[in-house]
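Just so we're on the same page: letters track the sequence lines, and every chain starts at 1.
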There are 2 protein chains.
Amino acid sequence: MSVAIENFVKAIYKNDIQDNNDTKPGNIAKKLGISNAAATDMAKKLATKDLLHYEKYQALQLTEKGTKMALNVVRKHRLWEALLFKMFDMSLHEIHREAELLEHETSDFLANKISEYLGNPKFDPHGDPIPNADGEITTEDISIALSQSKEGKTYIISRLMSDDKEFFDFCAQNGLKYGNTITITKQFSKNKMTQISINNNTILLNEDFTNIIYVNEI
Amino acid sequence: MSVAIENFVKAIYKNDIQDNNDTKPGNIAKKLGISNAAATDMAKKLATKDLLHYEKYQALQLTEKGTKMALNVVRKHRLWEALLFKMFDMSLHEIHREAELLEHETSDFLANKISEYLGNPKFDPHGDPIPNADGEITTEDISIALSQSKEGKTYIISRLMSDDKEFFDFCAQNGLKYGNTITITKQFSKNKMTQISINNNTILLNEDFTNIIYVNEI
DNA sequence: AAAAATATTTAAGTAAGCTTAAAAATTAAT
DNA sequence: ATTAATTTTTAAGCTTACTTAAATATTTTT
Ligand SMILES: [Mn+2]
Ligand SMILES: [Mn+2]
Ligand SMILES: [Mn+2]
Ligand SMILES: [Mn+2]
């Protein structure tokens with residue numbers, strides 16, 4: 001299947017599990033940087049290939065086959081991220097940028113080699129789960145968005161769910177890193193802001209960030 | 001530039017330095033598995049992009065710009081081969097197959113990371129030289145084809161110039177490996193066959209193979 | 001030197017993956 | 001419940017990278 005198709009089913013998959021908006025052509029188009037018309041066209045085409053269900057004006061739904069394809073691409077993406085992160089001195093944003101391309105040009109054979117080399121990791125450097133060779137995610141996600149965290153409690157950062165350079169730069173500068181410990185010093189429920197303490201520094205985060213930083217209770 | 005263009009200029013580059021036939025559209029077409037018409041079309045298009053000189057019925061000639069592009073792709077190809085060969089248990093044929101795709105989806109930035117990690121190697125696992133970041137090949141090639149070797153002399157295998165699985169399988173089975181030592185026990189000049197001794201085994205090679213196995217005098 | 005074989009070029013056409021513009025439907029606002 | 005705004009769909013068209021078939025040029029053989 002083509003790069004365009006792989007990116008399309010992946011975008012649907014990610015929209016379904018991450019974003020809280022309908023998985024309609026327009027939202028996929030926005031993600032991929034293409035026109036709504038192009039997204040509708042593609043959706044129709046993929047329906048004939050049994051990769052998704054398409055009904056006019058309704059949300060797109062991946063078939064089992066489509067889901068499998070998406071997970072296979074996601075697997076390769078995250079394995080590349082894990083490999084590049086481990087081997088080279090590259091930032092979370094940089095590994096993502098490269099993985100976005102490499103994911104489409106990687107045989108299952110090579111993906112398995114990478115996985116094996118890394119000890120079949122369950123998570124990538126962003127904290128995202130890596131599907132196994134059968135396209136299954138075996139880990140259960142016990143993390144919550146920082147926006148849902150409780151005042152006074154202490155958490156471990158488990159996931160930085162973004163692909164935005166500015167966000168990652170901010171995180172790197174402030175010690176917001178996979179595995180690090182933070183304490184919630186205050187939840188401003190009205191303005192939807194969260195004050196945290198990390199490495200003896202106090203940081204105030206707004207909703208944009210607390211919705212994409214995930215943590216585990218300890 | 002597109003994958004098609006990168007493969008096209010690379011094919012011209014390799015035809016020029018490896019194969020002894022004209023670099024005309026037909027030969028490039030054969031290499032790339034496309035029609036002659038498609039190759040002519042592409043040649044014309046690339047001429048307008050200043051990547052090559054095109055004159056009807058004449059051999060194609062890369063411009064400096066075209067050569068630079070070809071060398072950049074070759075660099076990435078060979079760096080990937082070196083990396084995959086070092087890290088994973090993959091054959092010469094397998095690394096080539098993967099590199100053929102990865103070479104087009106690798107930023108200069110990542111290529112430099114790979115090179116650095118490997119200690120800026122000058123040769124890939126086939127013995128082919130790896131251009132540096134400026135697109136220069138600084139090593140001088142002192143190797144000769146096995147078909148040109150002298151009876152009674154001893155050589156080191158320096159290059160396996162092919163991308164054919166069967167050839168690599170044969171090499172692997174018979175110890176014909178980059179860096180290994182062989183002795184020429186007989187040159188059958190009439191039938192263009194070469195008898196070599198390696199690891200106490202005697203092997204008779206025909207021209208197909210002695211033209212793509214390169215060796216250095218010791 | 002002509003004829004035959006081969007290679008190259010031109011011409012016409014196709015599929016993928018996009019675009020913009022306009023029409024139709026849905027969703028949100030009054 | 002209308003009206004307005006937004007989204008989705010349809011329609012028409014573009015570029016890239018190919019194809020096959022026919023015309024033309026080159027190369028090889030006789
Ligand atoms: Mn990523
Ligand atoms: Mn991608
Ligand atoms: Mn190779
Ligand atoms: Mn290639």
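- The phosphate of dT27(C) has neither OP1 nor OP2 within less than 4.0 Å of any side-chain N or O from Tyr57(A).
- Counting to the nearest Å, the P atom of dA17(D) and the NZ atom of Lys44(B) are 16 Å from each other.
- Atom CD of Gln61(B) has 12 or fewer neighbouring heavy atoms from other residues, nucleotides or ligands inside a 6.0 Å radius.
- Judged purely by atom type and a 3.5 angstrom limit, Asp128(B) has no side-chain atom pairing as donor or acceptor with the backbone of Asp124(B).
- Comment: Lys68(A) does not engage Asp134(A) in a salt bridge, judged by the lack of any side-chain N to carboxylate O separation of less than 4.0 angstrom.
- Rounding to whole angstrom units, CD1 of residue Ile5(B) and C1' of dT15(D) are separated by 12 Å.
- The distance from atom CG of Asp41(B) to atom C1' of dT9(C) is 9 Å, rounded to the nearest whole Å.
- When the P atom of dT19(C) is taken as reference, atom CE of Met42(A) falls 11 Å away, rounded to whole Å.
- Checking Gly33(B) against Asp22(B), the closest nucleotide of DNA chain D that is more toward the 5' end is the one next to Gly33(B).
- Contact between the side-chain N/O atoms of Thr40(A) and the OP1/OP2 oxygens of dT9(D) is found at a separation under 4.0 Å.
- Residues Phe8(A) and Leu51(A) have side chains not in contact (no heavy-atom distance under 4.5 Å, counting atoms from C-beta outward).
- Across all strands, Ala39(A) comes closer than 4.0 Å to no nucleic acid atom at all (heavy-atom distances).
- Atoms NZ (Lys30(A)) and P (dT6(D)) sit 11 Å apart, rounded to a whole Å.
- For the OP1/OP2 pair of dC18(C) and a distance below 4.0 Å, the side-chain nitrogens and oxygens of Ser35(A) include no atom meeting the criterion.
- In this structure, Phe8(B) reaches neither bases nor backbone, as no heavy-atom distance under 4.0 Å exists between it and the strands shown.
- Heavy-atom distances to DNA chain D give each of Asn36(B) and Lys24(B) a nearest nucleotide, and the one nearer the 5′ end belongs to Asn36(B).
- Here the P atom of nucleotide dT9(D) and the CG atom of Leu60(A) are 8 Å apart, to the nearest Å.
- In terms of phosphate contacts, Ser2(A) brings a side-chain nitrogen or oxygen within less than 4.0 Å of OP1 or OP2 of dG17(C).
- Ala38(B) comes within contact range of at least one nucleobase, with a heavy-atom separation under 4.0 Å.
- Between Ile34(A) and Lys56(A), the residue whose closest nucleotide on DNA chain C is further toward the 5' end is Ile34(A).
- To the nearest angstrom, C1' of dT10(D) lies 17 Å from NZ of Lys45(A).
- At whole-Å resolution of the value, CD in Glu55(B) and C1' in dT26(D) are 15 Å apart.
- Partner of Val9(A) under the side chain to side chain contact (heavy atoms under 4.5 Å, CB included) criterion, out of Lys14(A), Met69(A), Met42(A): Met69(A) alone.
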